[in-house]
*Asks:* 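Have a look at this one.
Each chain gets a letter, A, B and so on, in the order its sequence line appears, and its residues count up from 1. Nothing here was measured: the structure is a model prediction, and the numbers come from that model.
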Protein chains: 2
Amino acid sequence: MPPEGKKPGYHHGDLRNALLAAGEAELAQSGLAGFSLRKVAARAGVSHSAPAHHFGDLAGLIDALAVRGFDQLLAKMQAREATAPDDAGERLVASGLGYLEFAAAHPAVFRLVFGTPMRANSSADLRAGAARAYDHLAALVASLPGAPGADDPALRAEVMGYWAQAHGFAELLLSGHICGDAGARIDDQARETLFREAFSRRRSGAATR
Amino acid sequence: MPPEGKKPGYHHGDLRNALLAAGEAELAQSGLAGFSLRKVAARAGVSHSAPAHHFGDLAGLIDALAVRGFDQLLAKMQAREATAPDDAGERLVASGLGYLEFAAAHPAVFRLVFGTPMRANSSADLRAGAARAYDHLAALVASLPGAPGADDPALRAEVMGYWAQAHGFAELLLSGHICGDAGARIDDQARETLFREAFSRRRSGAATR
DNA sequence: ATAACATCTGGACAGCGTCAACATAAACTA
DNA sequence: TAGTTTATGTTGACGCTGTCCAGATGTTAT
């Protein structure tokens, strides 16, 4: 059995990771529209059906890219949180801004991550990635003053509300439905102001509950 | 020149509308994944390249379906509003529930509508459809007590906040990320409760501002 | 009647995902 | 060490896809 994709020594050495990197490069350059297994293989310098041995089929590659995308999304949220002042509310807002930042920086990956519905047939890896992201957000929300406790079922509703708020902004941004007065693309500053207001709106609603 | 797709009299009579109907049927039955121009043509009983004369290419058909999708979405919102009590806040919540209802009932159409980014190269019809939906929501939000006036630039931020909240729920629902405790698909009742709470949360936040 | 036009068909082409047969390199076994 | 099994990658084929092009057919205008 191979050392599970670490050091070289095989035909290619680490084709699995090379294909994932090629896939991300392809997504970044050409978007999700013309995404093709053959192009990814060509970019990695292997034959058109080499990926099959590592991912089974196209859905398998997409699934693996979605797993990585979830982790990258979570990382961006955490990176942005690290720059926030030491306040639960500020950290939550920063996390949401990281969410938007990732969606704007990697639109194709973002759409790919949420394009494949999480169903029972989704890979365990993908479900684990989604769970990691959810758990992180849930911990953030639970740390808000006056928030439901970690084992309170009301926490789930609370978390989904914040998630939906951030996710909706991200999707509408990518769909081009959030724009300035003249219909031009919104800039980063305006995007942040808009989002910050919406999030604190929710927060003050929770406080007066 | 033909009477622009009304009464029969041509080879097929009203192929454009027939193709749109076939497209929607195809989306409803097989989803967005294997959607194909040739299948739509076959379903309408014409040759594989007949659609080109009405929509140019695949993107043209998708664009036209998105225009109809926007109108259907708006219609669902309005239908749901009509069942609400005569109160601005209740109408807004009902509108959002209509939004979710449409997404759940026609997931493929919903994803198609928001999958094609609104850009400068989008058809005028599509932008007009989006504007109709936005204007309707904006009127609803403006009618809330204490809301910014119709010409106040702050109204735009307010509207986008509500839209993002509803849209995020819809997308997360379709992505399978909103589920019950056991991970099972959430039922209609629970979905409504969740959404109603999130929306009124935003409302009370606005009131205490 | 004749011309111009809109509409639809059928064939061709390259690119796609997937499959099966084969080749090669590594790892295991005896 | 020698032989076998497994993992990895290549090649060629298949049917399906979107798009283009040449032609056929029906409608409208002159």
*Asks:* Quick check for you: among dT7(C), dT10(D), dT18(C), whose closest atom lies nearest to any side-chain atom of A50(A)?
*Replies:* dT10(D)

*Asks:* Using 30° and 60° as the class boundaries, would you call the ring planes of W163(B) and H167(B) parallel, tilted or perpendicular?
*Replies:* perpendicular

*Asks:* Mind calculating the distance between CZ (R16(A)) and C1' (dG9(D)) to the nearest angstrom?
*Replies:* 17 Å

*Asks:* Only one of F169(A), Y162(A), F195(A), F110(A) passes ring pair (Phe, Tyr, Trp, His ring centres under 6.0 Å) with Y99(A); say which it is.
*Replies:* F110(A)

*Asks:* Does OP1 or OP2 of dC19(C) have a side-chain N or O of S49(A) closer than 4.0 Å?
*Replies:* no

*Asks:* Check whether NZ of the Lys or CZ of the Arg R156(A) lies under 6.0 Å from the centre of the six-membered ring of Y134(A) and within 45 degrees of that ring's axis.
*Replies:* yes

*Asks:* Reading DNA chain C from 5' onward, which residue's closest nucleotide shows up sooner: G45(B) or H53(A)?
*Replies:* G45(B)

*Asks:* Report the distance from atom CG of L15(B) to atom NE2 of H54(B), rounding to the nearest 0.5 Å.
*Replies:* 4.0 Å

*Asks:* Specify the separation, in whole Å, of atom CG of L37(B) and atom C1' of dC16(D).
*Replies:* 13 Å

*Asks:* Give the rounded distance in Å between these two atoms: CG of D57(A) and P of dA20(C).
*Replies:* 14 Å

*Asks:* So, does H54(A) get its side chain near the phosphate of dG9(D), meaning an N or O under 4.0 Å from OP1 or OP2?
*Replies:* yes

*Asks:* Report the residue (S36(B) or V46(A)) whose heavy-atom-nearest nucleotide on DNA chain D is the more 5′ of the two.
*Replies:* V46(A)

*Asks:* How long is the line joining CG of L15(B) and C1' of dT27(D), in whole Å?
*Replies:* 16 Å

*Asks:* Can you measure R38(A) atom CZ to dC16(D) atom P for me and round it to whole angstrom units?
*Replies:* 16 Å

*Asks:* Show me, pair by pair, the donor-acceptor contacts under 3.5 angstrom made by side chains of residues 38-45 of chain A, not counting sequence neighbours?
*Replies:*
residue, atom, partner, partner atom, Å
K39(A), NZ, G34(A), O, 2.8
R43(A), NE, E26(A), OE1, 3.0
R43(A), NH2, E26(A), OE1, 2.9
R43(A), NH2, Q29(A), OE1, 3.1

*Asks:* How many Å lie between NE2 on H48(B) and P on dG18(D), as a whole number?
*Replies:* 10 Å

*Asks:* Quick one: is dG10(C) close enough that its OP1 or OP2 comes under 4.0 Å of any side-chain N or O from S47(B)?
*Replies:* no

*Asks:* Roughly how many Å is it from NZ in K39(B) to P in dG15(D), rounded to a whole number?
*Replies:* 17 Å

*Asks:* Rounded to whole angstrom units, what separation is found between the CG atom of L19(A) and the P atom of dT10(D)?
*Replies:* 10 Å

